[in-house]
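Let me begin by presenting the structure, written as structure tokens, before commenting on it.
Nothing here was measured: the structure is a model prediction, and the numbers come from that model. Heavy-atom basis, side chains included; hydrogens, waters and symmetry copies ignored.
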Amino acid sequence: MNPPGMRKALNLSFRSLFVRYVAQSSRVGGRVLPLAFRAYPKKTPVRRFPSRRVYGLGVGLSLSGLGGFFGLFSDSPSKLGPCMTEPISGREALEGSSPEMRLKMEKLCLEIQYQLCKRLEEFEDKKFHVDRWTRKEGGGGISCVLQDGKTFEKAGVNISVVHGTLPPPAVKQMRSRGKDLPVDRDLPFYAVGISCVIHPTHPLVPTVHFNYRYFQVDAGDGKTMWWFGGGTDLTPNYLDKEDAVHFHKTLKDACDGSDLSLYPKYKKWCDDYFNVSHRGERRGIGGIFFDDFDSPSKDACYDFVSRCAHSVIPSYLPLVEKHHRQEFTERQKHWQQLRRGRYVEFNLIHDRGTKFGLHTPGARIESILMSLPLTARWEYMHAPEKGSAEEELLKVLKDPKDWV
């Protein structure tokens, strides 16, 4: 029997579930959306993967999205999409129906790495060099590097999936951040992350950096500590206010999908973290940065990290598209080299990730120092001319602005 009241209730429940699925799916930037109304800046080409140009207001209804909806009722394993090479943990582990968070995070990193590398290759006449490496202490990684390109002088998109025992300097650093880790025993750890730095050839195309990571430590007595960290930030050589607003607004939209309080907090954290303190200036115009992110729940934290990672392509590639064919001068190229010198100073003196990597047994130096540009310049007592575009940038680096 199927009384009318029951049939009506079932229809309402199905409709409610479908609407909730659509709303959740459409919030995640960079994915193929089942049903989404998304506004883009007028006359700004936005390419999505697979490559497609969209102008103005895009409206999409995809059968793959509907397949994902009906997949809610299935316990079938989640298939792994295309990758730059074979995953460190193996396909079988990553395609399980209920993967551990470390495997779920590895799968996200593989997806972001593949999508970004393929999009960057569209600007080049060469491909990424793919280096799959292993670490004798446990785990390994996938380093994808493109050098001496016509658009990108150096671009690196790295994944690391490492495990082993935390070295004492790393334990000390974590305890200084409030982690209640014992010091009288070995502490097994597992870390999964993606890290990227793109140094363009063109001085009007900004440098971008992002990394997103998951970390867990066996603290003993059956206690496992875990947290996420990461962020995305922009380092231009010349200030383009339209670029700054677009970049920050895209990141804010990603943060707002989880909690409206996150963007202002993580924007300030980014300005404070990427501070070349011995120079009295920031490395760039910021973005978002966070660490020790472990609430309200592991799944909620992952959803936030996934949303931020998927915002990288729409936040950055429109800026490359806008500037990479513009004419530039020798003076602008010279200034780019000087600004890269500041980038190197921060990474080698202050960056927490670089320090952790160098203190980790079996560290792969080539991957850790992938973030450094091919070329940079230092000049004694250099100062930009008053009233110049170079001085305009420097003022913002000394006194960060709120762009949205």
Spacing of [atom1] belonging to [X] relative to [atom2] belonging to [Y], to within rounding of 0.5 Å:
X    : Y    : atom1 : atom2 : result
S371 : D351 : OG    : CG    : 7.0 Å
I349 : R279 : CD1   : CZ    : 8.5 Å
K127 : C144 : NZ    : SG    : 12.5 Å
K265 : C255 : NZ    : SG    : 10.5 Å
D240 : L204 : CG    : CG    : 9.0 Å
L338 : R377 : CG    : CZ    : 6.5 Å

Where do D299 and K104 land on the side chain to side chain contact (heavy atoms under 4.5 Å, CB included) test, with the steps shown first? CA-CA 10 Å; D299 286 336; K104 192 174 180 181; 4.0 Å; yes
Using a strict threshold of under 4.0 Å (side-chain N to carboxylate O), is an ion pair present between [Y] and [X]?
X    : Y    : answer
K395 : D399 : no
E122 : R119 : yes
R213 : D291 : yes
R132 : E86  : no

Does the side chain of [Y] come within less than 4.5 Å of [X]'s, by heavy atoms?
X    : Y    : value
P373 : V344 : yes
D233 : V208 : no
D218 : Y190 : no
F228 : M105 : yes
M84  : K118 : yes
L94  : L110 : yes
F152 : H199 : no
I285 : T235 : no

Short question: side chain of [X], backbone of [Y] - any donor-acceptor pair under 3.5 Å?
X    : Y    : value
H324 : V320 : yes
N237 : P203 : yes
K333 : T201 : yes
R135 : H163 : yes
E111 : E106 : no
E321 : L317 : no

May I ask you to decide if the ring planes of H382 and H334 are parallel, tilted or perpendicular, using 30° and 60° as cut-offs?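 The rings of H382 and H334 sit tilted, inter-plane angle from 30° to 60°.
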Mutual orientation of the aromatic rings belonging to F290 and F293 [parallel < 30°, tilted 30-60°, perpendicular > 60°]: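 The arrangement is perpendicular - the two ring planes meet at more than 60°.
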Any idea which heavy atoms bring [X] and [Y] closest together, and the distance?
X    : Y    : result
H246 : P314 : NE2-O, 2.9 Å
L251 : I288 : CD1-N, 4.0 Å
R282 : P400 : NE-CG, 3.6 Å
P200 : T207 : CD-OG1, 3.5 Å
V312 : S315 : O-OG, 2.9 Å
I159 : W133 : O-CZ2, 4.4 Å

Please tell me whether [X] and [Y] have a donor and an acceptor in their side chains that are separated by less than 3.5 angstrom.
X    : Y    : value
S261 : D259 : yes
N347 : R283 : yes
E153 : T375 : yes
Y212 : T232 : yes
S311 : T250 : no
E345 : Y343 : no
R307 : S258 : yes
Y238 : E390 : yes
D243 : H323 : yes
Q337 : W378 : no

Evaluate side chain to side chain contact (heavy atoms under 4.5 Å, CB included) for L369 paired with L348, printing each intermediate quantity in order. CA-CA 9 Å; L369 299 183; L348 294 182; 4.1 Å; yes
Please determine whether side chain to side chain contact (heavy atoms under 4.5 Å, CB included) holds for the pair R342 and E281, giving the CA-CA distance in whole Å, both sets of side-chain angles, and the decisive distance to 0.1 Å. CA-CA 9 Å; R342 299 291 201 267; E281 60 191 54; 3.0 Å; yes
Who pairs with F346 by ring pair (Phe, Tyr, Trp, His ring centres under 6.0 Å), at least two apart in sequence or on another chain?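 Counting only residues at least two positions away or on another chain, F346 forms a ring pair (Phe, Tyr, Trp, His ring centres under 6.0 Å) with Y273, F274, H350.
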Quick check: F189 with F215 (ring centres under 6.0 Å apart)? yes
Can the positive tip of K150 be found less than 6.0 Å from the middle of the six-membered ring of F123, inside 45° of the ring normal?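 No, K150 does not lie over the aromatic ring of F123.
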Measure from NZ or CZ of R331 to the centre of the six-membered ring of W335, then state whether that distance is under 6.0 Å and the direction lies within 45° of the axis. no
Surrounding [atom1] of [X] (heavy atoms of other residues, nucleotides or ligands, distance under 6.0 Å), is the total greater than 12?
X    : atom1 : result
E379 : CD    : yes
K398 : NZ    : yes
K126 : NZ    : yes
E366 : CD    : no
K249 : NZ    : no
E242 : CD    : no
K298 : NZ    : yes

Decide yes or no on side chain to side chain contact (heavy atoms under 4.5 Å, CB included) for K401 and W403, but give the supporting numbers first. CA-CA 6 Å; K401 306 298 182 184; W403 297 104; 3.9 Å; yes
Go through D148 and K154 one step at a time and tell me if the salt bridge (charged side-chain N to carboxylate O under 4.0 Å, His left out) criterion holds. CA-CA 6 Å; D148 289 317; K154 187 179 183 184; over 6 Å; no
